Amino acid sequence: MAQSPGNRSERLASWLESRAPLSGVVEFLRHKEVPWHKGTFFYLFGGVALLLFCVQVMTGILLMFYYVPAPEGAYESVLLISAKVPFGWLIRSIHSWSANLMILALFIHMFSVYFMRAYRPPRELVWVTGFVLLVLSMTFGFSGYLLPWTKLSYFATKIGTDVTKVIPVVGEGMRNFLLGASEISGPTLTRFFALHVAILPPIFTIFLGLHLLLIQLLGMSQPLGQQKARGIPFIPNFVLREGIVWVVVLGLLAVLSVYLPWEVGEKADPLASAPAGIRPEWFFTFMSQSLKYIPAKVMGMEGEALGVYAIGAGGLIFFLVPFWDRWSREGRRHWLVTAYGVAVIVFLATMTSLAYFKPY
Ligand code: HEM
């Protein structure tokens, strides 16, 4: 007797279910809701960071086919990618722009969850894993910057790695471990390459997996002071909204990559003196710029070391917010938490803009 199509699809579904019992996941997604309130738009930025991370992985793998991680060949291989390899310039441009957009999306995501107090119990670990992801993303940026072996990347990395010297006891050793030599040279490039393509990706993937898993298990936070906001279905309503934002972000990425292609610059010359106005990537300039305003000695202490400790302490207070903000646990907003968040934003924005518009 001929089987009806309905019968066949049911049998296929039951065959699949017995081998991959995923109906629980499908059921979960069918009933999942996202709280609908005036901050819902900001829930989209975590997804934007996720999209851009996927772009990074795909374009990074393609770049790896041609990149040579040695001082004798790194710059030349980047030139080859940019000038000879079909669409190489585009892939490199997308990789660089997407890295920067990802960090920007991460800052927006982090500050939006901060002001929504989304880190309050039971989401402390979502915040902690997220913060680690931000630090790892910035380390991705730092390690990737040296890879083209250009004048700018060489001296900016030198400034960045020299900062570790001010850390007492372990600073010097840390710097030597990172550099693989007393100065930036061949071993440094090999280590930065290993960090960028082999060490950071699996660590990042583990933390990303944890972050996303916890979000699924705990669900999205309810707005502060409200027991239960009205929800919208995750599928299709929220996913479609996220999809629209992804299309816009991909469009922006394409326009930036095509019309403002990432430049190659001049080859690094370790024997030359540092060119004027050298600065690290924009998301580190808050640190380099603020250190310039601190006198060499403050009350007998090394000014630079004091600045690094102060920035470290400020970052630590911010990182620990789920553990000291007791007010939001009781459903109240406290001015101190808001004021601290605003102070951090003002500090980061002022120092970053000063680095570009009024280099010291
Ligand atoms: C590549 C890095 C990251 C990715 C891909 C990512 C992804 C996501 C996604 C998809 C969500 C759910 C939707 C949303 O709220 O946007 C989320 C929620 C959250 N993220 Fe992240 N995130 C990252 C980094 C961070 C950082 C840097 C922080 C803060 C330090 C953070 C803290 C949180 C918190 C607390 C939530 C829960 C929000 C709520 O329940 O309302 N995440 N993240």
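We count ligands from 1, going down the list as the structure has it; atoms in each ligand are counted the same way. All values derive from a computational prediction rather than experimental measurement. Residue numbers start at 1 and run along the sequence shown.
Of the protein's heavy atoms, Tyr43 O, 3.0 Å lies nearest to atom 14 (C) of ligand 1. The nearest protein atom to atom 1 (C) of ligand 1, hydrogens excluded, is given as Phe204 CZ, 3.4 Å; this is a heavy-atom distance. The shortest contact between atom 36 (C) of ligand 1 and any protein heavy atom is with Val126 CG1, 3.4 Å. For atom 5 (C) of ligand 1, the closest heavy atom belonging to the protein is Leu208 CD1, 3.4 Å. Ser221 OG, 2.6 Å is the protein heavy atom nearest to atom 41 (O) of ligand 1. Ranking protein heavy atoms by distance to atom 18 (C) of ligand 1, first place goes to Ile215 CD1, 3.3 Å. Protein heavy atom nearest atom 22 (N) of ligand 1, with residue, atom name and distance: His211 NE2, 2.9 Å. Nearest non-hydrogen protein atom to atom 30 (C) of ligand 1 is Phe131 N, 3.4 Å.
Residue Trp127 places a heavy atom less than 4.0 Å from ligand 1. Contact between Ser137 and ligand 1 is absent, with no heavy atom of the residue lying under 4.0 Å from the ligand.
In this structure, Thr190 contributes its side chain and Gly186 its backbone to a donor-acceptor pair below 3.5 Å. Checked by atom type and distance alone, the side chain of Glu124 never pairs as donor or acceptor with a backbone atom of Phe323 at under 3.5 Å. Here the side chain of His109 pairs no donor or acceptor atom with the backbone of Phe45 at under 3.5 angstrom.
Only one option out of Phe193, Trp149, Phe192 pairs with Pro69 in a side-chain contact (heavy atoms from CB on, under 4.5 Å); it is Phe193.
Contact check on Arg230 versus Glu33 returns no salt bridge, with no Lys/Arg side-chain nitrogen under 4.0 Å from an Asp/Glu carboxylate oxygen. A salt bridge is absent between Glu27 and Lys32; no separation between the charged side-chain nitrogens and carboxylate oxygens falls under 4.0 Å. The residues Arg329 and Asp325 are annotated as not salt-bridged, no charged nitrogen and carboxylate oxygen being separated by less than 4.0 angstrom. Classification of Asp269 and Lys151 as a salt-bridged pair fails, no side-chain N sitting under 4.0 Å from a carboxylate O. Between Glu304 and Lys165 there is no salt bridge, since none of the side-chain N atoms of the basic residue sits less than 4.0 Å from a carboxylate O of the acidic one.
A cation-pi arrangement is absent between Arg92 and Tyr66 under the rule of less than 6.0 angstrom and at most 45 degrees off the ring axis. The cationic atom of Arg279 (NZ for Lys, CZ for Arg) lies less than 6.0 Å from the six-membered ring centre of Tyr356 and within 45° of the ring axis.
Using a 4.0 Å cut-off between heavy atoms, Leu106 contacts ligand 1 through its side chain alone, with no backbone atom that close. With a heavy-atom cut-off of 4.0 Å, Leu218 does not touch ligand 1 at all. Contact annotation: for Met116 versus ligand 1, there are no heavy atoms closer than 4.0 Å.
Counting atoms of ligand 1 from 1 in the listed order, those under 4.0 Å from a heavy atom of Arg123 are 40 (O). Applying the 4.0 Å criterion to heavy atoms of Met220 picks out, from ligand 1, the atoms 12 (C), 13 (C), 14 (C), 15 (O), 38 (C), 39 (C), 40 (O), 41 (O). Taking every heavy atom of Leu50 and a limit of under 4.0 angstrom, the matching atoms of ligand 1 come to 5 (C). The ligand atoms of ligand 1 that sit less than 4.0 angstrom from a heavy atom of Ala118 are 38 (C), 39 (C), 41 (O). Close contacts between ligand 1 and Leu134 involve ligand atoms 27 (C) [criterion: under 4.0 Å to a heavy atom]. In summary, the atoms of ligand 1 found under 4.0 Å from a heavy atom of Gly47, numbered by their order in the structure, are 10 (C).
Here the N, O or S atom of His109 that is nearest to atom 21 (Fe) of ligand 1 is NE2.
The aromatic ring centres of Phe283 and Phe142 sit 6.0 Å or more apart.
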